[in-house]
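All residue numbers refer to positions in the sequence shown, counting from 1.
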Amino acid sequence: MSPFTSTFGLIERFREGDETAFSQLFAKYRSRLAVLIHYKLGASLRERVEVDDILQEVFLAASKDIGSFTYRSPGSFMSWLSRIAEHVIVDEARSRARQKRRAAEVVRFRSAGNPGGPEPVDSETPSRILMQKEVTKDLLRRLDALAPDYRDVILMAKVEGLSSAEIAERMGRSREAIAVLLHRALQRLRTLKETSE
């Protein structure tokens, strides 16, 4: 992978002022983070909040706070985005619970009525966005059809990027049991994809 398109390279380019690098980071992590946000929202909050709204807030917060991020390993950026997503979701849940949404908290992107607003980080074409949403919707449908343990182990391993030791600790199982569980979960996910085609 080119050092200019690797996660580390894109982060460094963005820190140096290359705005397109952040758009590339957004495109690279958008789908994985959308799946993670979908499940972290929970069913009741998911009915009232769009995943894309949370996704935009996460990437806006990440772009503002990229200076505090320290690259440690290939999965560290996704873990950092995941923690930001958790904070954004908690903030949204609290806001919804209070039924108060201050105008200052709402991000108003650049438009004719708000020429000073920030540009949205996603400049994808509508057809690409629609295609990504369809792929994501299909994945969510298949994940929903899995047993909870299967879904959880896939999300932790493939979306959050946790190691088998971290997953074992979270799930209270041995690393070997997690390896078997993940293997079976991925097999089941593939089977569901094959039957839907």
Side-chain angles (χ1 to χ4, degrees), residues 7-8 11 25-62 65 69-97 122 129 131-197:
T7 298
F8 179 77
I11 290 167
L25 280 169
F26 182 86
K28 186 174 184 173
Y29 286 93
R30 182 181 207 277
S31 294
R32 284 175 53 198
L33 195 56
V35 170
L36 184 68
I37 289 169
H38 174 85
Y39 284 104
K40 285 187 182 274
L41 278 173
S44 64
L45 195 55
R46 206 179 306 138
E47 291 174 2
R48 298 173 293 177
V49 178
E50 290 289 326
V51 169
D52 284 341
D53 293 341
I54 299 294
L55 196 61
Q56 284 286 341
E57 288 188 43
V58 168
F59 276 98
L60 184 63
D65 202 29
F69 172 71
T70 304
Y71 187 90
R72 290 186 174 85
S73 65
S76 61
F77 187 66
M78 183 63 192
S79 293
W80 184 66
L81 290 175
S82 175
R83 286 191 304 276
I84 293 172
E86 288 173 6
H87 291 289
V88 169
I89 291 167
V90 166
D91 289 347
E92 183 66 28
R94 286 180 184 151
S95 176
R96 294 278 174 168
D122 185 10
I129 291 170
M131 187 175 72
Q132 280 182 336
K133 283 185 177 184
E134 289 300 317
V135 168
T136 302
K137 189 186 294 184
D138 180 57
L139 176 60
L140 292 173
R141 183 190 51 71
R142 288 186 285 127
L143 284 169
D144 283 341
L146 293 175
D149 277 356
Y150 281 8
R151 180 176 48 248
D152 292 345
V153 75
I154 289 173
L155 290 173
M156 285 186 254
K158 301 300 181 184
V159 178
E160 291 185 61
L162 298 179
S163 69
S164 57
E166 292 169 316
I167 298 169
E169 185 178 316
R170 276 197 191 178
M171 295 186 83
R173 298 183 183 185
S174 70
R175 288 174 60 184
E176 294 78 17
I178 292 301
V180 170
L181 183 66
L182 180 59
H183 176 75
R184 289 178 179 164
L186 290 172
Q187 275 186 324
R188 179 69 181 132
L189 190 66
R190 281 187 210 104
T191 302
L192 289 171
K193 182 177 183 179
E194 292 165 4
T195 58
S196 70
E197 291 177 343

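- Using a cut-off of 4.0 Å between Lys/Arg side-chain N and Asp/Glu carboxylate O, Asp52 and Arg30 are scored as salt-bridged.
- When all heavy atoms of Arg151 and Asp144 are compared, the pair lying nearest together is NH1-O, 3.5 Å.
- Summarising the geometry of Arg72 relative to Ser76, their closest heavy-atom pair is N-OG, 3.1 Å, with the distance given to 0.1 Å.
- Summarising the geometry of Ser164 relative to Ile178, their closest heavy-atom pair is O-CG2, 4.3 Å, with the distance given to 0.1 Å.
- Note that the CD atom of Glu92 and the CG atom of Leu45 stand 6.5 Å from one another [nearest 0.5 Å].
- Rounded to the nearest 0.5 Å, atoms CZ (Arg141) and OG1 (Thr136) are 13.0 Å apart.
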Q: In sequence, state the C-alpha distance, the side-chain angles, and the governing distance for Arg94 and Asp91, and then conclude on side chain to side chain contact (heavy atoms under 4.5 Å, CB included).
A: CA-CA 5 Å; Arg94 286 180 184 151; Asp91 289 347; 4.1 Å; yes
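- Between Ile84 and Phe59, every side-chain heavy-atom pair lies at or beyond the 4.5 Å cut-off.
- Remark: Glu166 pairs with no residue by the salt bridge (Lys or Arg N to Asp or Glu O under 4.0 Å) rule, at least two apart or across chains.
- Between atom CG of residue Leu181 and atom CE of residue Met171 there is a gap of 5.5 Å, rounded to the nearest 0.5 Å.
- Under the rule for a salt bridge (Lys or Arg N to Asp or Glu O under 4.0 Å), the partners of Glu86 that lie at least two apart in sequence or sit in another chain are Lys40.
- Atom CG of Leu146 sits about 10.0 Å away from atom CG of Asp152, to the nearest 0.5 Å.
- Taking the six-membered ring where tryptophan is involved, the planes of Tyr71 and Phe69 are perpendicular, since the angle between them exceeds 60° and thus also 30°.
- For the pair Arg46 and Tyr39, the tightest heavy-atom approach, listed with the atom from each and the gap, is NH2-CA, 4.2 Å.
- Here the shortest heavy-atom pairing between Val49 and Leu41 reads O-CD1, 4.2 Å.
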Q: Give the intermediate values and the outcome of side chain to side chain contact (heavy atoms under 4.5 Å, CB included) for residues Arg142 and Ile154.
A: CA-CA 12 Å; Arg142 288 186 285 127; Ile154 289 173; over 6 Å; no
(Q) Checking Tyr29 against Thr7 for the side-chain hydrogen bond (donor to acceptor under 3.5 Å, both in side chains) test, could you report, in this order, the C-alpha distance in whole Å, the side-chain angles of both residues, the deciding distance, and whether it holds? (A) CA-CA 10 Å; Tyr29 286 93; Thr7 298; 2.6 Å; yes
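- Using a distance-only test at 3.5 Å, with no hydrogens or angles considered, no donor-acceptor pair links the side chain of Ser82 to the main chain of Met78.
- Here the closest heavy-atom approach between residue Leu182 and residue Ala157 is recorded as CD2-CB, 3.8 Å.
- Annotation: the span from Ile11 atom CD1 to Leu25 atom CG amounts to 5.5 Å, rounded to 0.5 Å.
- To the nearest 0.5 Å, atom CD1 of residue Ile37 and atom CG of residue Leu55 are 4.5 Å apart.
- Annotation: side chain of His87 is not in contact with side chain of Val90 (no heavy-atom distance under 4.5 Å).
- Using a 4.5 Å cut-off on side-chain heavy atoms (C-beta onward), Arg173 and Asp149 make contact.
- Within 6.0 Å of CD on Gln187 lie more than 12 heavy atoms contributed by other residues, nucleotides or ligands.
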